[in-house]
Asks: 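This structure is in structure tokens; I'll ask about it shortly.
Per chain, numbering begins at 1; letters A, B, ... match sequence-line order.
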Amino acid sequence: MVTNDAPITGATIELENLTKRYPGNPNPSVDSVSMEIGAGETVILVGPSGCGKSTTLRMINRLIEPSSGRIRINGEDVTDIDPVKLRRRIGYAIQSSGLFPHLTVAENIAQVPRMIGWGKQRIKDRVEEMLDLVGLDPREFHDRYPRRLSGGQQQRVGVARALAADPPVLLMDEPFGAVDPITRDHLQDELIRLQHELHKTIVFVTHDFDEAIKLGDRIAVLREQSHIAQFDTPEAILTNPADDFVSGFVGAGAALKRLNLTRVRDVGIVDFPAVTVDEPLQDLFDRFRSGGSNEILLLDRRSRPYKWLRRGDLMRARGSLARAGALVSHTVSADATLRDALEAVLTDNGGRVAITGRRGEYVGVVDMETLLNSVHELLEADRLTALEHREELAELQESQQHQRSALEGGPGGGAADGAGGEHP
Amino acid sequence: MKWDRITKGKLLVTPLVLLALLLALYLWITNVSLDSIEKNSLNGGQVRLYLWQQIELTAISTFFVLVIALPLGILLSRGFARPAAPVAIALANLGQATPAIGLLALLTFWLGIGQRTALIGMVAYAVLPVLSNTMAGLRAIDPTLLDAARGIGMSPVGVLGRVELPLAVPLILAGVRTALILNVGTGTLAAFAGGGGLGNLITAGITTQRTRVLIVGAVLTVCLALLVDWLASLAELQLSPRGLEVHQ
Amino acid sequence: MNFWDYVSSRQDQLISDTFQHASAVFQCMVVAVVLGVGIGALTYRSDRAGRIATLATGTILTIPSYALLGLLIPVLGLGVPPTVTALVLYALLPIVRNSVVGLRGVDPALVDAARGIGMTGLARLVRVELPIAWPTILTGIRVSTQMSMGILAIAAYASGPGLGNEIFSGIASLGSANALNEVVAGTVGIVLLAFIFDAALVLLGRLTVSAGIRA
Ligand SMILES: Nc1ncnc2c1ncn2[C@@H]1O[C@H](COP(=O)(O)OP(=O)(O)OP(=O)(O)O)[C@@H](O)[C@H]1O
Ligand SMILES: [Mg+2]
């Protein structure tokens with residue numbers, strides 16, 4: 001996620017040798033996980049079913065009591081404090097939304113603020129604010145019961161409830177697992193926008209790797225017993241998977257997935273001759289004649305892409321703009337991913353697509369050539385950073401080895417968790 | 001609290017029908033000539049006493065059923081008490097398989113006759129539906145809801161009071177309604193344990209072969225039963241959480 | 001006289017009462033099942049009819065059995081007629097309700113499939129819907145049977161047959177030597193009969209519920 005200047009409201013989370021043994025199972029279900037999560041960071045836990053993602057997540061708010069190990073939030077050891085108090089400081093959203101069916105949307109969102117003793121008016125204002133934040137009209141949804149919401153709306157309310165008391169940490173267990181792909185996409189975009197404003201520390205469980213790439217600042221790929229196979233940025237995991245397990249999990253098409261990580265506005269958008277419909281026809285002809293270009297993009301009165309006009313189109317239509325040229329069928333927002341842009345370029349028979357800004361206004365064009373160049377540059381850059389990263393790691397390990405041999409025999413050599421990595 | 005869920009029809013039909021029935025009974029009984037036995041059984045004070053006893057029996061026994069069965073049902077659905085649940089249900093089942101009249105008679109031998117004996121029998125007989133419905137209602141709750149409730153920081157008492165019990169209300173109320181009806185019914189048998197009530201009129205009607213006494217006793221009992229059921233149905237409608245209604 | 005002496009001395013009477021109790025419940029249940037499933041089958045396809053049937057039988061169930069007997073005696077006299085009538089009426093509700101619920105609960109896709117292969121309404125009912133609804137109906141029959149056991153005991157006061165006579169004769173002779181024995185014999189006999197009937201119905205379920213839909 002791209003960071004901006006909004007203040008970071010999240011807290012750091014440190015897991016130290018967190019282990020869970022269920023009774024009757026000789027092997028621990030989560031075996032000594034250590035992880036450091038920075039304030040305001042979004043960390044995604046991915047891994048095959050049953051590998052212990054949920055168990056790890058639920059140990060953070062102690063819905064599952066760890067068998068051993070420590071949990072620290074913002075440096076404070078919370079392993080032994082009252083779990084009820086702990087959970088009130090941590091937002092929690094789950095797959096089926098977990099909304100209470102006998103309470104209205106507003107009452108659901110108000111639960112935590114009420115428990116921590118906010119005043120009536122403050123809660124009321126907060127509920128409105130939260131509904132706005134997750135994109136639901138307070139007037140319409142305030143008094144609805146959950147059964148009268150769609151799956152996606154329920155999920156939004158679930159997120160609103162989790163965030164209502166402004167907790168620094170948000171835990172999410174496959175929150176978008178039960179909604180259709182289109183809604184899921186919307187909800188993911190929504191979460192990105194939210195995080196842009198709020199900068200919480202989010203720990204998010206999914207087994208959809210694409211979702212992980214889209215949402216995560218860092219991704220922890222887990223294998224059975226929650227052993228960390230790789231914990232790194234999405235770019236690094238895509239271009240430099242640590243081992244076969246990770247590359248198997250990343251799946252085919254890593255390069256294509258890489259396209260999901262970059263936005264159109266961050267690559268070269270080229271200028272393209274454009275004219276609004278209000279300009280006199282003569283200007284149009286002049287453009288064709290002078291510019292040497294074969295094609296012009298016609299914009300409507302609100303400067304949104306309207307038609308592609310080729311040289312000669314106007315003549316064929318006997319000078320009538322209404323009949324000339326081909327309507328613009330696809331546009332792509334500057335906020336869209338490169339993958340969306342590639343999709344649009346491939347579908348368009350002209351091999352280019354118009355890019356629009358926030359309000360749909362024309363900002364430029366992307367074509368096949370610019371896309372290809374951008375992708376090559378991106379992959380090259382990734383490769384370089386990954387190499388640097390690896391060298392750094394090697395140096396670090398070397399220096400630690402030196403330290404360790406220097407301290408040999410002394411108590412408590414600070415064992416570094418290689419997989420833990422550092423927040424870039 | 002809004003009352004929009006109770007329609008006029010639900011509010012008026014039953015009481016009007018019952019009122020008409022009672023009026024007809026009154027007019028009929030005051031306009032026929034009664035012999036001395038009938039007069040003796042049906043004098044105003046006597047009938048009123050029996051009616052009052054019947055109401056008292058029903059109310060007190062239902063109160064004790066609730067006081068015993070609700071907490072017990074909640075307790076038995078807590079994790080630590082789960083192993084005891086089948087035992088309790090089996091006991092309650094046995095209580096119900098015993099014919100009510102046999103249960104009352106046995107208690108009479110043990111505790112002597114009187115209202116207290118009748119009440120104990122009635123309570124023993126009606127505990128099962130409330131107990132099993134409370135447990136079923138609590139057990140039927142989607143575990144992810146409980147997970148969510150705990151996850152957002154509710155204490156165990158909070159989870160019980162704000163999520164579990166409200167969600168179990170429809171089933172609990174259905175159990176309470178069943179218990180009420182059972183209690184009105186068993187209440188008519190209290191007469192055999194010396195507990196009073198309208199059963200006395202029916203019994204007197206059968207033993208003295210006085211049809212009119214029998215009819216007065218029976219009709220009054222029927223009216224009381226239907227009235228109690230009607231009240232319970234209103235309570236069920238009104239107290240069920242709104243979000244759980246089946247249709248809008 | 002201890003309980004076992006009592007039982008052996010009154011053996012014949014007890015056996016005859018037990019037999020009468022069982023036979024009365026059995027016969028009334030047969031009638032109630034035929035009537036109840038019939039009413040269910042006639043009404044389940046209409047929302048309104050189904051509701052009326054359940055409401056009517058539900059109202060009867062609300063009326064205390066002793067009061068219903070009291071209402072039946074002036075019309076039918078004492079003895080068997082009011083007993084049988086009351087028993088059948090009370091047994092109806094659980095059977096009707098469960099028939100309607102069970103028949104309505106049949107997966108619409110199955111009904112559609114049955115129609116698709118050309119079954120008539122009756123064939124559909126008999127060959128598809130009733131077999132699938134049968135476990136639910138059977139549950140209703142079990143509830144009704146247990147209820148009938150207790151109601152028949154009360155009917156003894158209106159000169160009905162069965163083990164209730166033991167109980168009432170005990171109540172009538174409160175304080176006499178055998179009073180407690182009579183009540184215990186009657187009550188325990190009814191409880192035992194109830195268990196035997198229930199076990200028989202469970203067995204019936206095992207034999208008649210298609211293995212394909214057994215839980
Ligand atoms: N209450 C429990 N008792 C015993 N074992 C459990 C319990 N809960 C989970 N497990 C075991 O712990 C392991 C990890 O479970 P967990 O729910 O954390 O997996 P997960 O990664 O979240 O899987 P999924 O993707 O399917 O949700 C599994 O092997 C599971 O069988
Ligand atoms: Mg899971």
Asks: Heavy-atom pairs under 4.5 Å with chain A are the metric here; pick the option from Leu146(B), Asp142(B), Thr144(B), Val163(B) that has the most.
Replies: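 Highest number of heavy-atom pairs under 4.5 Å: Val163(B).
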Asks: Considering only heavy atoms, which portion of Tyr145(A) lies under 4.5 Å from any heavy atom of chain B: side chain, backbone, both, or neither?
Replies: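 Contact with chain B: side chain only.
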Asks: More than 12 heavy atoms of other residues, nucleotides or ligands under 6.0 Å from CZ of Arg21(A): yes or no?
Replies: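 12 or below, so no.
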Asks: Go through the atoms of Ile116(A) and report whether side chain, backbone, both or neither lie under 4.5 Å from a heavy atom of chain B.
Replies: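 Neither the backbone nor the side chain of Ile116(A) comes within 4.5 Å of chain B.
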Asks: Nearest heavy-atom pair of Gly98(A) and Ala148(B): which atoms, and what distance?
Replies: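 Closest heavy-atom pair between Gly98(A) and Ala148(B): O-CB, 3.6 Å.
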Asks: Between Gly151(B) and Arg87(A), which heavy-atom pair has the shortest distance, and what is it?
Replies: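 Minimum heavy-atom contact is O-CB, 3.6 Å.
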Asks: Distance from Leu145(B) atom CG to Leu99(A) atom CG, nearest 0.5 Å?
Replies: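 If I round to the nearest 0.5 Å, the distance is 8.5 Å.
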Asks: Rounded to the nearest 0.5 Å, what separation is found between the CE atom of Met154(B) and the CZ atom of Phe100(A)?
Replies: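 Between atom CE of Met154(B) and atom CZ of Phe100(A) there are 4.0 Å.
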Asks: Evaluate whether atom CZ of Phe63(B) has more than 12 neighbouring non-hydrogen atoms of other residues, nucleotides or ligands under 6.0 angstrom away.
Replies: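 Check fails, neighbour count at 12 or below.
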Asks: Please look at Arg58(A) and chain B and tell me whether the side chain, the backbone, both or neither of the residue comes under 4.5 angstrom of a heavy atom of that chain.
Replies: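 For Arg58(A), the side chain is the part near chain B, not the backbone.
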Asks: To the nearest 0.5 Å, how far apart are CE in Met115(A) and CZ in Arg162(B)?
Replies: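 Separation between the atoms: 6.0 Å.
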Asks: For the side chain to side chain contact (heavy atoms under 4.5 Å, CB included) test, which of Ser240(B), Pro166(B), Pro170(B) pairs with His102(A)?
Replies: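 So, applying the side chain to side chain contact (heavy atoms under 4.5 Å, CB included) to His102(A) and each of Ser240(B), Pro166(B), Pro170(B), only Pro166(B) qualifies.
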Asks: For Arg144(A), is it the side chain, the backbone, both, or neither that has a heavy atom closer than 4.5 Å to a heavy atom of chain B?
Replies: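 Interface part for Arg144(A): neither.
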Asks: Can you tell me if NE2 on His186(A) sees more than 12 non-hydrogen neighbours from other groups inside 6.0 Å?
Replies: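 Check fails, neighbour count at 12 or below.
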Asks: I need the minimum non-hydrogen distance between Ser155(B) and Val84(A), along with the two atoms involved.
Replies: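 Smallest interatomic distance, heavy atoms only, reads CA-CG2, 3.8 Å.
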Asks: What's the shortest heavy-atom distance between Arg161(A) and Ile152(B), and which atoms?
Replies: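 Heavy-atom minimum between the residues: NE-CG2, 4.1 Å.
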Asks: Identify which part of Leu171(A) has an atom lying under 4.5 Å from any heavy atom of chain B, answering side chain, backbone, both or neither.
Replies: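 Neither the backbone nor the side chain of Leu171(A) comes within 4.5 Å of chain B.
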Asks: Would you mind telling me which of Asn61(A), Asp82(A), Ile94(A) has the largest number of heavy-atom pairs within less than 4.5 Å of chain B?
Replies: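 Of the candidates given, the most pairs with chain B belong to Ile94(A).
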